[in-house]
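A short worksheet on the structure shown next.
Any value given below was found using the heavy atoms of this structure, including those in side chains, with hydrogens, waters and symmetry copies removed. Atoms within a ligand are numbered from 1 in the order they appear, just like the ligands themselves.
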Amino acid sequence: MNKYYQPEAECASREQIRAWQDERLVAQVKHVYENVEYYRNLMKEKGVEPGDIKGIDDLPLLPFLTKDDLRECYPYGLLATPLSDCVRIQSTSGTTGKRVVAFYTQADIDLWEDCCARAIVAAGGTKEDVVQVSYGYGLFTGGPGLNGGSHKVGCLTLPLSSGNTERQIQFMTDLGATILCCTPSYAAYLGETIEEKGLKDKLKLKAGIFGAEAWTEEMRRDIENKLGIKAFDIYGLTETSGPGVSFECMEQGGMHINEDHFIPEIINPKTGEVLPYGEKGELVFTSITKKAFPLLRYRTKDICVLNPEPCACGRTLIRMSKPMGRSDDMLIVKGVNVFPSQIETVLLNKGYPANYQIIVSREGYSDVLEVNVEMTPEMFSDSLSRVSVKEKELVEALKAMLGIYAKVRLVAPKTITRSEGKAVRIIDKRNLY
Ligand code: DLL
């Protein structure tokens, strides 16, 4: 059984990895400077020219890029190749008109799928495997990414997408899926359902590749027991291509970053200062091989630690810890990225005051999103049935904005506790980090 999909890259010497990074960074900076006006301006503002970047030691000279830049540049502002060279887009969920749209040339898709193939092989996948991909397909990168990786490894791929649990279990048992790819919360739910139906004996599963949201070690053990598998973490974000930026190996001791494609840095989120390995801070990525939508020093807002210690699996790629939180207020609910500002926009558009609270909790392993909103004094005198109509209206409006269901409760004016400092708008009871 092959332990690695691309051993020449995954097990390259540190000197070789560094040489690739130096060379590819220089070429990438030149590519974006020449082709993207927005970058050119950012670099000019910082007083840096492509010639100043001679290798990765010069990374700190480059400006950071944030999600706000991506939104400002929507949709084509950061495109670095002619549109006619692009073959696909993927996108994040987000406020209408302010989504992040990532573009891919065929070569970009190939390298993304290679990264996902590395993750599948690291989880024990070979061409004999049957990979059930139960991440969402469509604009979300989970389904297409793992689907492509599975093809590259030569596995039989079951493109189930998410949802329809009965059908998932039927395919899983009838076609003998051996590797399951989905969010950890969906894996836990599938595990529970399979246990309830007494179908564990019918499973051929051996591994699962779970990511896109935070999950704990307890959850890992629970999923492993329920499905009788080894569960592997996988990380990525739409902006940098999707899943496969990093992946776990058999050691399950952190996720190997595909450093031949992405250079990681950890920074102090307040000052932007680069921190040494081992210190906790915000993860920043520079993509050095993507052509259509390359990002230099992109701030992920994920708080992590990098571990350069050699790994027993033989890979020389540095490992990142599970994300330990975010440096912004983004929530991931049912795998969907939710910003409190999106909720606030809906409330204000509908004439509600900005007194609200967002509560995220878990029933089993499913996320529950609740929004408590204060009524205006005028609304408060409305009949109960009128209030319930208003709640339903808000549920619909939130669904249109976020793409997921949120339970809405209209509460009496002045009942949401006022804070003396920053308003406590989000109560996350899930304890995921
Ligand atoms: O979630 C890509 C993905 C799909 C990753 C399938 C893994 C598997 P976005 O929707 O753009 O992309 O969300 C990216 O999700 O910045 C993290 O905050 C979070 N995230 C992704 N993977 C993990 C993970 C996909 N393994 C955002 N653990 C990122 C914790 C994760 N958080």
Would you mind running through ligand 1 and noting each atom that sits below 4.0 Å from a heavy atom of [X]?
X	answer
Ile234	7 (C), 8 (C), 22 (N), 24 (C), 26 (N)
Thr141	2 (C)
Ala214	30 (C), 32 (N)
Thr92	11 (O)
Pro323	28 (N), 30 (C), 32 (N)
Phe140	1 (O), 4 (C), 10 (O), 25 (C)
Ile332	15 (O), 18 (O), 19 (C)

message: Taking distance alone, with N or O pairs closer than 3.5 Å, would you say Trp215 contacts ligand 1?
response: no

query: Does Asp233, backbone or side chain, put an N or O under 3.5 Å from an N or O of ligand 1?
result: yes

- prompt: Out of curiosity, Asp222 CG to Tyr365 OH, how far, rounded to the nearest 0.5 Å?
  reply: 3.5 Å

CG-CG distance between Asp367 and Leu331, expressed to the nearest 0.5 angstrom: 9.5 Å

task: Would you mind finding which of Val100, Ile209, Leu237 brings a heavy atom closest to atom 12 (O) of ligand 1?
output: Leu237

statement: Note: heavy atom closest to atom 3 (C) of ligand 1, options Pro243, Gly145, Ser246, belongs to Pro243

May I ask you to identify the nearest protein heavy atom to [atom], giving residue, atom name and distance to one decimal place in Å?
atom	result
atom 16 (O) of ligand 1	Asp302 OD2, 2.6 Å
atom 13 (O) of ligand 1	Asn337 ND2, 3.4 Å
atom 22 (N) of ligand 1	Ala212 N, 3.1 Å
atom 25 (C) of ligand 1	Gly236 O, 3.5 Å
atom 9 (P) of ligand 1	Thr238 OG1, 3.5 Å
atom 32 (N) of ligand 1	Glu213 C, 3.5 Å

message: Checking side-chain polar atoms at under 3.5 Å, does Gln21 have a donor or acceptor matched by the opposite partner on Gln16?
response: no

- request: Verify the distance criterion only: is there a donor paired with an acceptor across the side chains of Asn147 and Tyr135 at less than 3.5 Å?
  value: no

- prompt: Does at least one non-hydrogen atom of Arg326 fall below 4.0 angstrom from an atom of ligand 1?
  reply: yes

- prompt: Judged by non-hydrogen atoms, does Lys322 sit under 4.0 Å from ligand 1?
  reply: no

- prompt: Side-chain contact, heavy-atom cut-off 4.5 Å: Glu259 with Arg14?
  reply: yes

- request: Using a 4.5 Å cut-off on heavy atoms from C-beta on, say whether the side chain of Leu203 contacts that of Met172.
  value: yes

- request: Fit a plane to each ring of Tyr104 and Trp112, take the angle between them on a 0 to 90° scale, and name the class: parallel (under 30°), tilted (30 to 60°) or perpendicular (over 60°).
  value: parallel

Is the shortest distance from a Lys or Arg side-chain nitrogen in [X] or [Y] to a carboxylate oxygen in the other one below 4.0 Å?
X	Y	value
Asp260	Arg118	yes
Arg220	Glu217	yes
Arg299	Glu282	yes

Side-chain polar contacts of residues 289-296 - donor-acceptor pairs under 3.5 angstrom, sequence neighbours left out - could you list them?
residue, atom, partner, partner atom, Å
Thr289, OG1, His261, ND1, 2.8
Lys290, NZ, Phe293, O, 3.3

